[in-house]
Amino acid sequence: MAILITGGCGYIGSHTCIELLKAGQEIVVLDNYDNAKPEALRRVQELAGKTFPFYECDIRDEEGLRRLFAAHTIDAVIHFAGLKAVGESVQKPLAYYDNNVSGTVTLCRVMAEAGCKRIVFSSSATVYGMSNPSPLKEDMPTGAVTNPYGRTKYIIEEILKDVCVSDPEWTAVLLRYFNPIGAHESGRIGEDPNGIPNNLMPYISQVAIGRLERLAVFGDDYDTPDGTGVRDYIHVVDLAAGHVKAVDYALSHTGVEIFNLGTGTGCSVLELVNAFQEANGVEVPYTVAPRRAGDIATCYSDPAKAEKLLGWKAVRHVVDMCRDSWRWQSQNPNGYED
Ligand code: NAD
Ligand code: UFG
């Protein structure tokens with residue numbers, strides 16, 4: 001009995017591996033290293049004090065997946081593998097549809113062949129689109145997404161719903177993440193983006209360490225308390241713990257269930273910058289720049305359903321997220337290359 005983690009070398013996957021191992025689960029990890037380094041898993045094994053099988057394999061490689069499923073009894077899959085850069089998805093839509101959508105179809109086909117019909121999928125708050133008001137609830141309309149990346153998440157959600165309708169033995173737990181930040185409290189694993197970060201927290205950390213000169217705050221004229229964008233930042237270790245609960249749920253239910261994984265609390269760009277400076281005693285110089293295309297003013301979750309049905313809620317605060325992000329960044333100024 002084991003849980004397969006696709007994309008398990010990545011940012012959220014690596015933290016989830018640790019939480020699963022801590023909870024006593026056996027895991028098998030698969031990743032094609034598209035956006036990850038082997039060092040991440042080496043450190044996961046070091047932190048957990050346990051080893052596990054790893055496959056360097058692409059989710060679109062049907063034969064590779066078959067070999068994995070033939071070698072292990074997999075009870076459920078947590079499916080993180082995917083491309084996730086919004087801007088890149090606008091430039092390379094076919095790469096995103098191929099990797100994310102075709103890859104998921106191939107994975108599900110091989111899972112069904114092997115008799116493994118339980119999947120926990122990494123979806124995103126982006127499926128709620130631009131027009132739903134926060135707090136966002138799972139039953140609000142989805143699909144009015146603004147970029148190919150978000151559309152792949154919406155399409156995969158719909159595919160997994162169809163699969164569950166077609167065969168009552170299937171279970172799909174769709175997890176809509178809000179904004180994961182922070183790192184394992186050891187400072188040994190964290191987010192290691194390639195090139196210049198797109199997301200706020202890795203940008204702040206790289207300014208603080210001196211790799212980047214200053215943060216551009218994308219707009220201070222939104223209809224929010226301080227004019228800057230408001231998001232629901234969630235500590236990656238809380239998010240990882242949510243997957244342990246979600247996989248338990250998948251093992252004991254059938255059909256589709258959707259959960260927001262967020263804190264339920266909004267935090268603005270300037271609040272996060274200030275929290276980071278105060279928590280860590282470092283400077284984060286910034287300038288106000290024009291709004292970024294496609295951004296919305298406010299996005300935060302109603303996390304009540306996850307608390308009620310999964311027995312999960314986020315317990316870490318923005319100050320913990322800032323401290324842990326900085327511990328990872330300052331101990332590993334060049335990410336896993338150090
Ligand atoms: P990540 O890039 O760190 O992890 C994804 C992992 O998948 C990487 O290790 C990559 O090498 C691997 N991968 C990509 N394509 C693959 C393929 N075809 N075959 C095998 N492995 C492949 O990203 P993350 O932040 O850990 O995100 C994990 C999942 O959560 C993604 O599906 C992402 O879209 C989703 N998500 C992330 C966020 C976020 O803000 N980080 C928000 C919402 C949803
Ligand atoms: N921001 C800046 N400067 C930066 C980067 C971001 O001011 O250099 C601002 C943005 O305008 C936004 C906030 O910081 O107001 C957060 O931006 P992120 O890029 O960190 O996160 P987003 O909310 O835009 O997007 C994230 C993920 C998407 C996912 C979405 C919804 O990157 O994949 O959350 O869950 F779809």
Side-chain angles (χ1 to χ4, degrees), residues 5-16 29-37 40-41 55-61 64-65 78-87 89 95-96 98-100 102-104 106-107 121-129 136 145-147 149-150 152-153 156 175-181 190-194 196-204 206-207 212 214-220 222 224 228-234 236 239-240 243 260-262 267-270 272-273 286-301:
I5 320 292
T6 75
C9 276
Y11 172 46
I12 305 170
S14 56
H15 290 82
T16 301
V29 176
L30 170 154
D31 202 294
N32 68 354
Y33 288 136
D34 183 87
N35 192 35
K37 308 224 168 59
L41 279 194
Y55 287 76
E56 184 175 350
C57 178
D58 194 295
I59 51 167
R60 292 162 296 179
D61 173 1
L65 290 178
I78 305 183
H79 178 31
F80 293 105
L83 302 176
K84 62 163 185 176
V86 172
S89 79
Y96 274 68
D98 182 40
N99 195 84
N100 295 6
S102 303
T104 302
T106 303
L107 173 67
F121 173 61
S122 298
S123 189
S124 166
T126 195
V127 301
Y128 289 112
L136 294 159
V145 282
T146 53
N147 57 74
Y149 163 72
T152 68
K153 293 294 176 192
I156 295 167
L175 300 180
R176 295 182 181 153
Y177 308 157
F178 283 71
N179 289 59
I181 60 172
E191 187 171 13
D192 184 18
N194 278 328
I196 296 179
N198 299 307
N199 298 115
L200 181 59
M201 181 53 100
Y203 208 107
I204 289 176
Q206 292 196 16
V207 169
L212 295 168
R214 63 182 57 238
L215 171 73
V217 174
F218 296 144
D220 67 351
Y222 284 105
T224 61
T228 66
V230 167
R231 295 291 182 274
D232 184 344
Y233 297 99
I234 172 168
V236 67
L239 189 67
H243 289 75
N260 286 336
L261 294 186
C267 171
S268 76
V269 175
L270 290 183
L272 191 67
V273 170
Y286 66 84
T287 43
V288 175
R291 292 180 177 194
R292 183 172 66 178
D295 275 355
I296 53 174
T298 301
C299 172
Y300 60 90
S301 65

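The analysis underlying the following values was restricted to heavy atoms, covering all of them including side chains, and did not include hydrogens, waters or symmetry mates. Bear in mind the structure is a predicted one, so any value in this text is a computation, not a measurement. Every number for a ligand or one of its atoms is a count from 1 in the order of the listing.
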| query | Can you tell me if S301 and N260 form a side-chain donor-acceptor pair at under 3.5 Å? | reply | no
| message | Donor-acceptor check, side chain of S14 to backbone of Y11, threshold 3.5 angstrom: yes or no? | response | yes
| What are the atoms of ligand 1, with element, lying closer than 4.0 Å to any heavy atom of A36? | 9 (O), 11 (O)
| field | Nearest neighbour in protein (non-hydrogen) for atom 32 (O) of ligand 2 | value | N199 ND2, 2.7 Å
| request: May I ask you to identify the nearest protein heavy atom to atom 19 (O) of ligand 2, giving residue, atom name and distance to one decimal place in Å? | output: R292 NH2, 2.8 Å
| Starting from atom 2 (C) of ligand 2, which protein heavy atom do you reach first, and at what distance in Å? | F218 CD1, 3.4 Å
| task | Among all protein heavy atoms, pick out the one at the shortest distance from atom 29 (C) of ligand 1; state its residue, atom name and that distance to 0.1 Å. | result | F80 O, 3.3 Å
| query | Any nitrogen or oxygen of I59, main chain or side chain, under 3.5 Å from a nitrogen or oxygen of ligand 1? | reply | yes
| message | Quick check: do Y286 and L270 have side-chain heavy atoms less than 4.5 Å from each other? | response | yes
| message | What protein heavy atom lies closest to atom 9 (O) of ligand 1? Include the residue and the distance to one decimal. | response | D31 OD2, 2.6 Å
| Who's closest to atom 9 (C) of ligand 2 heavy-atom-wise, of V269, V86, T228, V207? | V269
| query | Is N194 close to N35 at the side-chain level, that is, under 4.5 Å between some pair of heavy atoms? | reply | yes
| message | Counting non-hydrogen protein atoms only, what is the nearest one to atom 3 (O) of ligand 1? Give residue, atom name and distance. | response | Y11 N, 2.8 Å
| remark: Closest non-hydrogen contact found for S123 with V127 is OG-CG1, 3.8 Å
| field | Side chain to side chain, P193 and Q206, heavy atoms closer than 4.5 Å | value | yes
| request: Considering the heavy atoms of Y177, write down every atom of ligand 2 situated less than 4.0 Å from one of them. | output: 35 (O)
| N198: numbered ligand 2 atoms lying under 4.0 Å from its heavy atoms | 5 (C), 19 (O)
| Is it the side chain, the backbone, both or neither of Y233 that has a heavy atom closer than 4.0 Å to ligand 2? | side chain
| query | Considering only protein heavy atoms, which is closest to atom 2 (O) of ligand 1, and at what distance to one decimal place? | reply | N35 ND2, 2.7 Å
| note | In ligand 2, the atoms that come under 4.0 Å of a heavy atom of G229 are 15 (O)
| note | shortest atom 17 (C) of ligand 1-to-protein heavy-atom contact is with N32 ND2, 3.2 Å
| query | For ligand 1, which atoms, with element, lie under 4.0 Å from some heavy atom of D34? | reply | 11 (O)
| task | May I ask you to identify the nearest protein heavy atom to atom 4 (O) of ligand 1, giving residue, atom name and distance to one decimal place in Å? | result | G10 CA, 3.5 Å
| note | Counting from 1 in the order shown, the ligand 1 atoms closer than 4.0 Å to a non-hydrogen atom of Y33 are 11 (O)
| Spacing of N99 atom CG and N32 atom CG [to the nearest 0.5 Å] | 7.0 Å
| Are the aromatic ring centres of F80 and H15 under 6.0 angstrom apart? | no
| said: In terms of relative ring orientation, are Y96 and Y149 parallel, tilted or perpendicular, with 30° and 60° separating the classes? | reply: perpendicular
| field | Member of D295, T298, V269, I181 meeting the side chain to side chain contact (heavy atoms under 4.5 Å, CB included) criterion with R231 | value | D295
| note | Of all protein heavy atoms, the one nearest atom 12 (C) of ligand 2 is R231 NH2, 3.7 Å
| query | Does the T228 side chain pair with the main chain of D220, one donor and one acceptor, at a distance under 3.5 Å? | reply | no
| query | At a 4.0 Å threshold, what atoms of ligand 1 neighbour a non-hydrogen atom of S123? | reply | 43 (C), 44 (C)
| message | In the structure I gave you, are the side-chain heavy atoms of I196 and Y203 within less than 4.5 Å of one another anywhere? | response | yes
| task | Just need the protein heavy atom nearest to atom 26 (O) of ligand 1, so name the residue and atom and give the distance. | result | I12 N, 2.8 Å
| Can you tell me if N199 uses its side chain to pair, donor with acceptor, with the backbone of M201 under 3.5 Å? | no
| request: With the side chain counted from C-beta on, respond yes when I12 and H243 share a heavy-atom pair under 4.5 Å apart, and no when they do not. | output: yes
| field | Y149 neighbourhood, listing ligand 2 atoms whose heavy-atom distance to it stays under 4.0 Å | value | 33 (O), 36 (F)
| field | Under 4.0 Å to a heavy atom of D295 - the qualifying atoms of ligand 2, by number | value | 10 (C), 11 (O), 24 (O)
| query | Is there a donor-acceptor contact under 3.5 Å from the side chain of T6 to the main chain of A81? | reply | yes
| said: Please determine whether any non-hydrogen atom of Y128 lies less than 4.0 Å from an atom of ligand 2. | reply: no
| query | Should you measure from each heavy atom of P180, which atoms of ligand 1 turn up under 4.0 Å away? | reply | 39 (C), 40 (O), 41 (N)
| field | Minimum-distance protein heavy atom relative to atom 18 (N) of ligand 1 | value | N99 OD1, 2.8 Å
| request: Check each atom of ligand 1 against the heavy atoms of S122 and keep those under 4.0 Å away; list them by number with element. | output: 29 (C), 30 (O), 32 (O), 35 (C)
| query | C57 heavy atoms, cut-off 4.0 Å: which ligand 1 atoms fall inside? | reply | 19 (N), 20 (C)
| note | In terms of heavy-atom contacts, C267 and Y233 come closest through O-CE1, 3.6 Å
| field | Heavy-atom side-chain proximity of L41 to V29 below 4.5 angstrom | value | yes
| query | What residue and atom, counting heavy atoms only, is the protein's closest point to atom 3 (N) of ligand 2, and at what distance? | reply | A216 O, 2.8 Å
| said: Donor-acceptor pair, distance only, cut-off 3.5 Å: does the side chain of D31 make one with the backbone of C9? | reply: yes
| field | Under-4.0 Å heavy-atom contact with ligand 1, by part of E191 that carries it | value | neither
| field | Under 4.0 Å to a heavy atom of N179 - the qualifying atoms of ligand 2, by number | value | 21 (O), 22 (P), 23 (O), 26 (C), 34 (O)
| query | Taking only heavy atoms of T126, which atoms of ligand 2 are found under 4.0 Å from at least one of them? | reply | 31 (C), 35 (O), 36 (F)
| request: Report the nearest protein non-hydrogen atom to atom 29 (C) of ligand 2: residue, atom name, distance rounded to 0.1 Å. | output: S124 OG, 3.5 Å
| field | Heavy atom of the protein closest to atom 20 (O) of ligand 2 (residue, atom name, distance) | value | L200 N, 2.8 Å
| message | Given Y233, F178, Y149, Y96, identify the one with the heavy atom nearest to atom 33 (C) of ligand 1. | response | Y149
| message | Within ligand 2, which atoms have a heavy atom of V217 less than 4.0 Å away? | response | 7 (O)
